[in-house]
Amino acid sequence: MAFKILGISGSLRSASSNTALLRACATIAPANIEFSIYDGLDKLPYFSPELDTAQSSAPLTVADLRQHVQAADAVIFSTPEYAFGIPGVLKNALDWLVSSGDFTHKPTAVISASPLATGGEKAHASLVQTLTVMTADIREEYKLIIPVVRTKINAEGTLTDAVLEKTLLTLITELATSKNASEDQY
Ligand SMILES: Cc1cc2nc3c(=O)[nH]c(=O)nc-3n(C[C@H](O)[C@H](O)[C@H](O)COP(=O)(O)O)c2cc1C
């Protein structure tokens, strides 16, 4: 059976470099990996614990997000940094996923990409922190900070940097070999 990786971009921009990176991952992923990209972040309601109790079942878009995460063997986030943090839409989605427990032991890669030299390192650290408290399985080899991203992707959203392509392929391969390791561990 194919190993399923779900990509989640923190950017809603149609010309997003982070979404382009996930599309590049889908393109370079080996044939035994089924790579899909979730695109419903902007359809999620604002998180409220009152909408998410045993008495009131979660909104349909939230159930769909949870189903996507449950069905994935691993998840790759790629996010921009906004004002030194992660985008609000991404944090909103994560808040819906805290109580569902869908990230427990889920192999999860965290990428941040920015046109700046910092590569969005503060958003990266923040996203790692949030996913860690959600007990995602995040290892050093699943973390990637990409500075000056616009020199690595062209205007059409195609990856033009061979070193980055190799790094992404390594990350995908590491995630795909994580399954047995995490099953052994738990
Ligand atoms: C409101 C706003 C705040 C931003 N703040 C940061 C920031 O703190 N750090 C950073 O590296 N880039 C920042 N940027 C620039 C983004 O990194 C840049 O727009 C990036 O291309 C967004 O990612 P995307 O191409 O995937 O949409 C900001 C952009 C906007 C619109």
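Keep in mind that the numbers below use all heavy atoms, side chains included, and drop hydrogens, waters and symmetry copies. Ligands are counted one by one from 1 in listed order, and the atoms in each one are counted from 1 as well.
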| note | Between Ser100 and Arg66, the two heavy atoms sitting closest are CB-NE, 3.4 Å
| Any protein heavy atom < 4.0 Å from atom 1 (C) of ligand 1 | no
| query | What's the shortest heavy-atom distance between Leu22 and Ser9, and which atoms? | reply | CD1-N, 3.5 Å
| message | For atom 17 (O) of ligand 1, what is the closest protein heavy atom, and at what distance to 0.1 Å? | response | Pro115 CD, 3.3 Å
| message | Taking 4.0 angstrom as the limit and counting only heavy atoms of Ala83, give me the atoms of ligand 1 inside it, by number and element. | response | 3 (C), 4 (C), 5 (N), 6 (C), 7 (C), 8 (O)
| Should you measure from each heavy atom of Pro80, which atoms of ligand 1 turn up under 4.0 Å away? | 22 (C), 23 (O)
| query | If you look at every heavy atom in Ser112 and Gly119, which pair is closest and at what distance? | reply | OG-O, 2.7 Å
| field | Distance filter under 4.0 Å to Asn18 heavy atoms, resulting ligand 1 atoms | value | 23 (O), 24 (P), 26 (O)
| said: With a 6.0 Å cut-off (strictly less than), is the heavy-atom count around CD of Gln129, excluding the residue itself, greater than 12? | reply: no
| Between Asn18 and Ser11, is any side-chain donor less than 3.5 angstrom from a side-chain acceptor? | no
| said: Quick check: Phe84 and ligand 1, any N/O pair under 3.5 Å apart? | reply: yes
| For ligand 1, which atoms sit closer than 4.0 Å to a heavy atom of Arg13? | 21 (O), 24 (P), 25 (O), 27 (O)
| Minimum heavy-atom separation for Thr61 to Leu44, with atom names? | O-CD2, 3.6 Å
| said: Below the 3.5 angstrom mark, is there an N/O of Tyr82, backbone or side chain, next to an N/O of ligand 1? | reply: no
| request: Can you see which heavy atom on Val110 is nearest to which on His124, and at what distance? | output: O-NE2, 2.8 Å
| Sub-4.0 Å heavy-atom contact, Lys122 with ligand 1 | no
| Does any N or O atom in Ala113 lie less than 3.5 angstrom from one in ligand 1, N or O only? | no
| request: Could you tell me whether Asp39 atom CG has more than 12 heavy atoms of other residues or ligands within 6.0 Å of it? | output: no
| task | From the options Arg150, Glu121, Glu81, select the one whose nearest heavy atom is closest to atom 6 (C) of ligand 1. | result | Glu81
| Should you measure from each heavy atom of Ser114, which atoms of ligand 1 turn up under 4.0 Å away? | 10 (C), 11 (O), 12 (N), 17 (O)
